[in-house]
Amino acid sequence: MSEHNRFNEIVVSGGSIQDIHNVTTLRESYVCERNGNFSDSRLAAEVGSLSVGTLMLLPAKISRVDTTGMRSPSVYLNEMRDLSGGRKCSRTEVKFGQMSIVDSAARPLIDFVAAKYMHRANVAREFAASCAINQRFGERVSFQPIGFLKDANGRSGLLTRYEHGVVTLDNILWNRAATSEQRKSAISQAAIWMAQLHDHGIIHGDAQPKNIAYDSSGRSRYVDLESAYECTSGGLSPEINKLFDVTDFTQSVEAQFNPEELMLFIDQYMNAQGGRYPLEEIELMEAMASDGKESPFD
């Protein structure tokens, strides 16, 4: 009897996200080596060198997946489409499902996961940015990374633990059934989300509604971090880098926000920000005017 059949009661019946033929563990020396834009050429090369069908688990202290006692584990990644609720589609392919790690010598390990496929350099960068953000916040505010993948098409992937109850901002703003109060609450949370990230010295780099998330208790979740960078990097001042992030967001929602909502976002951001490089209201006004937009302060 195959190992899959022995454990078929714990493996969901959805289609395979990808077949896993080999399981390895990342060496500690590769974890979180980074520069100002969180790129890590050594880790990217390690991810790129994986053979097709390989899952490289992160060390247990990071992934919270402990395979101690497993002699020759088999891994099954099966898709569960209902887990994608509350996560709008984007150009980066993400698949949600169940990870089952089974072995005849130990109890099976079951987790809900998300597999995000992108260039190996972006896989390494998102992982490094996630580590930095969690370290600075003093708690886990990004999705917990589990490991790296290489699929049959040669694409690299980042495997993270799925969290129930996490909603992205676009699911509120683009929902016709959302009330005015729900929209205002979501916009306020988005402003706080950005201000807190900036206060910890990090620029998101792709701040748009689908990348702004929070959990069921209203706490921020930082996702899609492959474009993130230090606010002091790139040869520009921290204030300019922050302005880029804020105006990127306001441009992405310009067609959906009325002037009152835009004003709410900016007010909430200004009230929530702190840190070493706070923005001045006049800087935001001038930045928006330079983009050819009428200032919401007028």
Side-chain angles (χ1 to χ4, degrees), residues 14-15 17 79-97 112-118 141-143 160-198 204-228 243-273 284-285 287-289 291-298:
I17 292 176
E79 196 164 7
M80 300 174 67
R81 296 184 182 277
D82 57 327
L83 292 185
S84 63
R87 316 285 174 89
K88 291 285 188 182
C89 295
S90 67
R91 64 185 179 183
T92 301
E93 183 179 0
V94 181
K95 292 186 176 180
F96 303 94
F112 293 120
V113 296
K116 179 179 180 181
Y117 295 94
M118 48 191 165
V141 292
S142 68
F143 292 134
T160 59
R161 182 166 284 107
Y162 178 88
E163 289 186 40
H164 289 282
V166 173
V167 176
T168 53
L169 183 64
D170 55 335
N171 283 273
I172 302 297
L173 298 182
W174 313 161
N175 182 356
R176 294 181 179 180
T179 66
S180 174
E181 289 305 311
Q182 287 174 325
R183 286 180 62 89
K184 288 179 180 179
S185 175
I187 292 166
S188 295
Q189 286 177 304
I192 295 170
W193 175 98
M194 183 174 288
Q196 289 176 337
L197 186 64
H198 290 175
H204 188 277
D206 190 18
Q208 53 180 306
K210 74 177 184 65
N211 294 336
I212 295 177
Y214 42 89
D215 63 20
S216 56
S217 64
R219 295 195 314 163
S220 296
R221 278 285 179 269
Y222 295 96
V223 301
D224 288 350
L225 298 168
E226 67 269 22
S227 299
L243 284 172
F244 280 146
D245 229 16
V246 174
T247 54
D248 274 353
F249 175 78
T250 57
Q251 288 178 46
S252 73
V253 297
E254 181 185 15
Q256 288 79 25
F257 276 21
N258 60 46
E260 180 184 355
E261 290 175 332
L262 187 58
M263 183 71 170
L264 173 64
F265 174 82
I266 294 173
D267 278 349
Q268 291 293 328
Y269 176 89
M270 298 297 293
N271 291 335
Q273 71 169 339
L284 276 173
M285 293 171 64
M288 296 187 68
D291 288 326
K293 297 178 178 61
E294 181 180 352
S295 170
F297 300 95
D298 294 337

**Request:** Drop me the distance from L243's CG to D248's CG, to the nearest 0.5 angstrom.
**Result:** 10.5 Å
**Fill in**
Closest non-hydrogen atoms of N171 and N175, given as atom of the first, atom of the second and distance, are O-CB, 3.2 Å
**Prompt:** Between D245 and G205, which heavy-atom pair has the shortest distance, and what is it?
**Reply:** OD1-N, 3.1 Å
**Asked** Are the ring centres of F112 and H164 closer than 6.0 Å?
**Response** yes
**Complete:** Output for pair (L169 CG, Q189 CD), nearest 0.5 Å, gives 8.5 Å
**Shortest non-hydrogen contact between D215 and R221, atoms and distance** = OD2-NH2, 3.9 Å
**Message:** Does F257, at its CZ atom, have more than 12 non-hydrogen atoms belonging to other residues, nucleotides or ligands within less than 6.0 Å?
**Reply:** yes
**Item:** pair I172-Y214: side-chain heavy atoms closer than 4.5 Å
**Value:** yes
**L197 CG to I192 CD1 distance, which is reported to the nearest 0.5 Å** = 13.5 Å
**Message:** I'd like to know if the side chain of N211 and the backbone of D206 have a donor-acceptor N/O pair within less than 3.5 Å.
**Reply:** yes
**Prompt:** Between the side chain of E261 and the main-chain N/O of N258, is any donor-acceptor distance below 3.5 Å?
**Reply:** yes
**Request:** Starting at CD1 of I212, measure out to OH of Y222 and round the result to the nearest 0.5 Å.
**Result:** 9.0 Å
**Message:** My understanding is that only residues two or more places apart in sequence, or in another chain, count here; which of them pass side-chain hydrogen bond (donor to acceptor under 3.5 Å, both in side chains) with S142?
**Reply:** S130, N134
**Asked** What pair of heavy atoms forms the shortest contact from S252 to P209, and how long is it?
**Response** OG-CD, 3.4 Å
**Derivation and outcome, side-chain contact (heavy atoms from CB on, under 4.5 Å), residues M80 and Y162** = CA-CA 11 Å; M80 300 174 67; Y162 178 88; over 6 Å; no
**Message:** Using side-chain contact (heavy atoms from CB on, under 4.5 Å), reason through D224 and Q208 one step at a time and then give a plain yes or no.
**Reply:** CA-CA 10 Å; D224 288 350; Q208 53 180 306; over 6 Å; no
**Prompt:** V246 and F265: which non-hydrogen atoms are nearest, and at how many Å?
**Reply:** CG1-CE2, 4.1 Å
**Asked** Can you find a pair of side-chain heavy atoms, one from V166 and one from F143, that are under 4.5 Å apart?
**Response** yes
**Request:** Decide yes or no for W174 and K210: does some side-chain heavy atom of the first lie under 4.5 Å from some side-chain heavy atom of the second?
**Result:** no
**Message:** Is the ring pair W193/H204 parallel, tilted or perpendicular, if the boundaries are 30 and 60 degrees?
**Reply:** tilted
**Asked** Quick one: does L264's side chain get under 4.5 Å of K184's, heavy atoms only?
**Response** yes
**Request:** Over all heavy atoms of both residues, which pair between L173 and R183 is shortest? Give the atoms and the distance, please.
**Result:** O-NH1, 2.8 Å
